[in-house]
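Please read the structure below before turning to the comments.
Being a predicted model, the structure only gives us computed values, none of them experimental. We name chains A, B, ... by the order of the sequence lines, and we start the count at 1 in each one.
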Number of protein chains: 2
Amino acid sequence: MASSSYSNSPCAACKFLRRKCMPDCIFSPYFPPEEPQKFANVHKIFGASNVSKLLNEVQPHQREDAVNSLAYEAEARIRDPVYGCVGAISVLQRQVIRLQKELDATNADLIRYTCNEMPTTQDGRRIIGEG
Amino acid sequence: MASSSYSNSPCAACKFLRRKCMPDCIFSPYFPPEEPQKFANVHKIFGASNVSKLLNEVQPHQREDAVNSLAYEAEARIRDPVYGCVGAISVLQRQVIRLQKELDATNADLIRYTCNEMPTTQDGRRIIGEG
């Protein structure tokens with residue numbers, strides 16, 4: 001669940017933006033003061049105003065997921081300024097293609113075995129192992 | 001390759017921002033006037049200033065990839081404001097896990113066949129298909 005901490009100290013967003021954290025602060029439930037980097041990252045990549053706009057555009061019950069996905073994207077972009085989390089998508093897409101090919105090949109092998117297309121002797125008898 | 005079009009008309013970014021497109025415009029090679037939506041999207045999600053900062057932080061030969069990954073992320077976030085392209089990552093991760101499980105199971109089946117662990121009769125003889 002989102003943590004709400006405006007009763008004690010300003011949220012990480014208001015602390016970063018050096019403003020008073022009001023009880024209706026849009027950031028407060030999702031940017032607790034003990035996670036200052038989370039806000040610093042989304043601020044650097046998206047800007048506080050864009051994050052605030054986006055939070056106001058989604059349903060309150062979706063805001064935590066929205067913040068977490070923004071934080072994930074921001075962190076990925078800071079780690080890899082060229083590809084951001086799109087790099088992870090490319091890696092995963094290649095992994096899916098490789099696995100699907102391997103699975104198709106393994107299934108084809110299995111079908112050959114289950115259809116009794118096992119190696120046969122010259123006179124057509126099947127070769128099987130020790131009984 | 002990135003297209004450069006400042007000789008004819010302002011790039012999509014300068015047109016959007018209503019400013020003169022100078023020959024050294026950082027956006028111009030990556031935001032041609034015929035793709036106005038590309039800049040509108042990254043501007044909406046990241047802000048023009050953040051995009052410009054990011055482009056200045058990466059090597060010139062990496063800028064086209066950086067712009068394209070930003071455009072991809074921005075479009076995904078506009079389509080899905082809650083999850084953006086992180087939604088695609090979740091889908092792909094689940095797909096990788098499912099394919100890996102299927103591959104493991106198929107490999108295990110195949111190993112049972114190739115190790116001659118085929119179904120046997122009560123007296124230990126193997127059952128094989130018609131000869």
Atom group of [X] that falls short of 4.5 Å from chain B, counting heavy atoms:
X	answer
A:Ile89	both
A:Tyr83	both
A:Leu55	neither
A:Glu57	side chain
A:Val96	both
A:Asn50	side chain

Any idea which heavy atoms bring [X] and [Y] closest together, and the distance?
X	Y	result
B:Ser69	A:Val86	O-CG2, 3.6 Å
A:Leu54	A:Ala66	CD2-CB, 4.1 Å
B:Pro10	B:Pro33	O-CB, 3.5 Å
A:Cys11	A:Ser28	CB-CA, 3.5 Å

Only residue of B:Tyr30, B:Phe16, B:Phe46 satisfying ring pair (Phe, Tyr, Trp, His ring centres under 6.0 Å) with B:Phe39 is B:Phe16
Just so I understand: if I count every heavy-atom pair under 4.5 Å between each of [options] and chain B, which residue has the most?
options	value
A:Val67, A:Asp65, A:Thr106, A:Val82	A:Val82
A:Glu102, A:Arg98, A:Glu73, A:Lys44	A:Glu73
A:Val58, A:Val51, A:Leu99	A:Leu99

(message) Under the side-chain contact (heavy atoms from CB on, under 4.5 Å) test against A:Glu75, which residue among A:Asn41, A:Asp80, A:Ile45 passes?
(response)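 With A:Glu75 as partner, side-chain contact (heavy atoms from CB on, under 4.5 Å) holds for just one option, A:Asn41.
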Does B:Lys101 pair with B:Asp104 as a salt bridge, N-O distance under 4.0 Å?
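Salt bridge absent between B:Lys101 and B:Asp104.
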Keeping A:Gln62 on the side-chain end and A:Gln59 on the backbone end, is there a donor-acceptor pair under 3.5 Å? yes
Cut-off 4.5 Å, heavy atoms of chain A, and the answer for B:Lys53 is neither
Between B:Arg77 and chain A, which part of the residue has a heavy atom less than 4.5 Å away: side chain, backbone, both or neither?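 Contact with chain A involves the side chain of B:Arg77 alone.
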